[in-house]
There are 2 protein chains.
Amino acid sequence: MTLSDRKKRVTIKDVAHAARVSTQTVSRVINNVSYVSDETRKRVEEVVEELGYRPSTLARSLIQQRSYTLGIVTYGLKYIGPSRTLNGIADKADQLGYMLLMKELDDFAADSIDEVLDSLLARQVDGILWAVPQIGSNRNWLTNRLASTPVPVLFLTMEPRSGVPSISTDNYQGAVVATQHLLDCGCKRIAHISGPMDWWEAQERKRGWRDTLEKAGMDASEYRCTEGNWSSASGEQAFIQLLSSFPYLDAVFVANDQMALSVLREAHRQGIQVPEKMAVIGFDGIPESAFFYPSLTTISQNPQLIGEQAIQYIVEMIQARQENQPVVITSRFIQPTLIIRESTKPA
Amino acid sequence: MTLSDRKKRVTIKDVAHAARVSTQTVSRVINNVSYVSDETRKRVEEVVEELGYRPSTLARSLIQQRSYTLGIVTYGLKYIGPSRTLNGIADKADQLGYMLLMKELDDFAADSIDEVLDSLLARQVDGILWAVPQIGSNRNWLTNRLASTPVPVLFLTMEPRSGVPSISTDNYQGAVVATQHLLDCGCKRIAHISGPMDWWEAQERKRGWRDTLEKAGMDASEYRCTEGNWSSASGEQAFIQLLSSFPYLDAVFVANDQMALSVLREAHRQGIQVPEKMAVIGFDGIPESAFFYPSLTTISQNPQLIGEQAIQYIVEMIQARQENQPVVITSRFIQPTLIIRESTKPA
DNA sequence: TGCTATTATGTTATCGATAACATGTTATCG
DNA sequence: CGATAACATGTTATCGATAACATAATAGCA
C-alpha cells in the first residue's frame, strides 16, 4: 500500500451529492428521524453502502454537545484489581453505547489532576469515572474543583462524603467477616498484615479486624499488626516481622491475596502448618488464590461488578442531567463474599 | 450543588469578547503562533485565567483533521498480561501527548471488528493499536479491511506478515531458551503443557519446545504434551493428564506462570519434589511467580516495554504520514529473558 | 372545493475552533 | 522620503455534522 492509496474521508456531503439530495436528508436517513420517502431512503442507503460512509462522531458531538464518551481515570493498571475493574467498565460501557477515553494517573499532584480533568473535558466527555484509590489526601482537590465541573464525576473506592457519588467495596464489612471467620475457626490470637496505611482501603480492612476482635473481647494491639505495601515481597517481610513481634499467633488476616501468597510460602518454610497451626485468610479473591498451596480462604471482591455498576450509575446521572431532572447522590457499597478454602478450617 | 449551578462551557468567543479582541487573536495567544503584542497577549491571558477557559479539543480536531487520540483495541483485560501492556501503552501515550480511546473486544466476528474499527475512525483517531492476540483466523479481516483504513494500524502479538506492522514477544525464542535451560539442567524427559493451540503464542511456544528437543536428539512426541487454556485450573488438569501419559518425565515447560502455579501445587501433593525429581519452568514472569513455592524459574516478558515501543512506533507512522514521508513497515520482536529461580537447578 | 394536517425535502444557522486571506500600522533601509 | 518588511489584528471560510426554520406537495375532511 503506497501513501497515495490513502482515501479521503467520505463525508455526508459526498453522500448527499451522489444521492442527489441535501445533507439534511442523508442525516434523516441515517438517524431515522422525521419523514423520508421510501424511494429516497433506499437510494441514500445504497450510496452510503457503496461509498462506505460513516458519520463523524466528532462533528456530531460538537453540535450536539454530547459525545457518548466517558472519561476513565485509573491508577495502578499493572495490578490486577484495577484492570479487572476496567474490564467491567469496558464491558458495560460498550453495552450502553459509550466509548472510553482513558487516562492513567501516576501521581496525585494537584497540577496533574487538573490537567487530566481538563484534557477529558476538552474532549467533551459526558461524565468522568474516577477509578483511583483514595490515598492520603488525594481526594482533597474535589472540594474546589468538583463544583465547577460541568459533567458528573463518579468516584470508585472512596470514603463516603455527602454530596459526592461513589461506589466502593465494603472493605470494613469484608474485614469483619474475615476476622469473624477466624474466630469461628476457634482461633484465639489473630494477627493482621495490613496494606499501606495511607490507603483508605487498608485503613478500613484494619479497622474491621480491630473492631471485631475488640467486640469479641480479644486483643488487637499494634504489635499484632504489621504493614505491607500489597506486593508479595512486602508480605514476606511483614510476616517475618510479625512472627518476631507476636510469635504465638494462630491466625493471620492478610489484607490482600498477593501478600497472603508469600505468607503461605514462608509459613511452609518455617514448618508452620496451615491451617492446623496457623489459619490464613486473604482479601480480593484473585483467581490464582484457589491454586495456592494450600488453597487460600479469602474475601472475594467482584471488581467487574463494581465496574458495571459504576457505568450504570454514571449513565443515570448523565441522563438525568440531560433531562434536567434531579439525581439522588449516594455512596454505594458492594459487599464482598467469603470463600472458604483450605487455609482455614472451621471448627 | 443544584442543577442550575452547572456552568456553560466557556468558549473562545467568550474570551474574545471579554478581552475585546477577535477570536483569532485569542487563538494566536493560546497557540503561541504569529504576532501578538505583549499588551494584548497579557490581557487575553488574564481573561483566559479568569474565565477558566480551555479550548475544545473536539472542535480543534475537527478543523485540523487530527485528534491526538489513539484507538486501543484490547482483549482479555481481566488477565494480567494485557493490562500490563495497556499500562505501558498508557504511560508512553501520555508522555507523547496522546489520549487513548479504548475498546475491549469480546469476540472475533467480522461484524464486531468492523464496528470497533468504525467507531474509532468516526472519532478521528490518528492511529489504531490492535492489542488483541492472534487466535485462530481472527486476523483474516485485515486482508480486506486494512487497505482502506485511513490511519495506521499497528498489531501487537501476531505472526509476522509482510506489509503489516507488528510488535510481538519472541515466543519461539523464549521457548527455545526455556527448553535449552532444562537441557542444561541435565533433564532428559522434558514435557510441555501448552496454551490453547488456536493461539499463535501457544503454537510458537510449543514449536520452540519441540524444535529444541529434536535438535538435541530427543523425543518430543505428542504424548509428552498436553493442552491447557492458560488458567490455573486448566494447568492442574493438564498436568494430571500429562503424568498419566508420560509418568517418567523429569521436567515440564509450562506455557504460562498461572498454569505453572498449579503444576507446582499438584507436584507437591503427589510428593514429587521440585526441582530434584522434576524441574518446572514457566513463561510470562508475573511478579507473583517469585513467591510461588518453590519460586518459579520463568521466561519473563516485559509487557510494559511492548506497550511503550508500540506507542513509539505508531507515533512514528503517524508523523511520517502527516509529512507524507515513507515509513518502513516491519515486524518487530522483543526478546524475553530467562529468570532462574528455585524450580530448576542448573547442573 | 377550499382549508388544515401530514409528508417530504431543502436552506440557513450553529457547534468551537483554526486556516487563509485581508488590512492597517509601525520600523527599516537605501 | 518613499518602498518594503515586520508586526498586529480582523474578516470570512471551513471542518462534518445536526437544529431550526421554510417550503412544497399530497391527503383528509367539513
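Lettering of chains follows the sequences in order, A, B, ..., and the numbering in each one begins at 1.
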| said: Just to be sure I understand the rule, does T40(B) reach a base, reach only the sugar-phosphate, or reach nothing, if contact means heavy atoms closer than 4.0 Å? | reply: sugar-phosphate
| task | Compute both the distance and the angle, then confirm whether R332(A) meets the cation-pi test with Y313(A): under 6.0 Å from the six-membered ring centre, within 45 degrees of the axis. | result | yes
| task | Specify the separation, in whole Å, of atom CZ of R20(A) and atom P of dA8(C). | result | 18 Å
| Does a side-chain N or O from Y35(B) land closer than 4.0 Å to OP1 or OP2 of dA8(D), or not? | no
| said: In whole Å, I'd like the distance from the CZ atom of R28(B) to the P atom of dG16(C). | reply: 21 Å
| request: Rounded off to whole Å, could you give me the NZ-to-C1' distance for the K13(A) and dG10(C) pair? | output: 15 Å
| Smallest separation among heavy atoms of R321(A) and P150(A), with atom names | NH1-O, 2.9 Å
| task | To the nearest Å, give me how far apart CD1 (I63(A)) and P (dC15(D)) are. | result | 16 Å
| message | Under 4.0 Å from OP1 or OP2 of dT9(C): is there any side-chain N or O of T25(A) that close? | response | no
| Within the pair S34(B) and dT9(D), is there a side-chain N or O less than 4.0 Å away from OP1 or OP2? | no
| Between Q124(B) (CD) and dC15(D) (P), how many Å, whole number? | 12 Å
| said: Side-chain N or O of S22(A) versus OP1/OP2 of dT9(C): is the shortest distance under 4.0 Å? | reply: no
| said: So, applying side-chain contact (heavy atoms from CB on, under 4.5 Å) with V151(B), which one of L70(B), I128(B), I318(B) is it? | reply: I128(B)
| field | 5' priority, DNA chain D, between V36(B) and I12(A) [closest heavy atom] | value | V36(B)
| Taking OP1 and OP2 of dA17(C), is either one under 4.0 Å from a side-chain nitrogen or oxygen of Y53(B)? | yes
| query | So does T23(B) get a side-chain nitrogen or oxygen closer than 4.0 Å to the phosphate oxygens (OP1/OP2) of dT18(C)? | reply | no
| Expressed in angstrom and rounded to an integer, what is the separation of L62(B) atom CG from dT14(D) atom P? | 14 Å
| field | Between dA17(C) (C1') and R54(B) (CZ): distance, integer Å | value | 16 Å
| query | Under 3.5 Å, side chain of S112(A) to main-chain N/O of F108(A), donor-acceptor pair present? | reply | no
| field | Distance below 4.0 Å between Q24(B) side-chain N/O and dA8(D) OP1 or OP2 | value | no
| Would you say Y68(A) has more than 12 foreign heavy atoms packed within less than 6.0 Å of its OH? | no
| request: Would you tell me if any nitrogen or oxygen in the side chain of Q64(A) comes within less than 4.0 Å of OP1 or OP2 on dC15(C)? | output: no
| Pairing partner (Watson-Crick or G-U wobble, both distances under 3.5 angstrom) of dG10(C) | dC21(D)
| query | Roughly, in whole Å, what's the span from CG in L58(A) to P in dT14(D)? | reply | 19 Å
| Would you say dT9(C) has OP1 or OP2 under 4.0 Å from some side-chain N or O of S37(A)? | yes
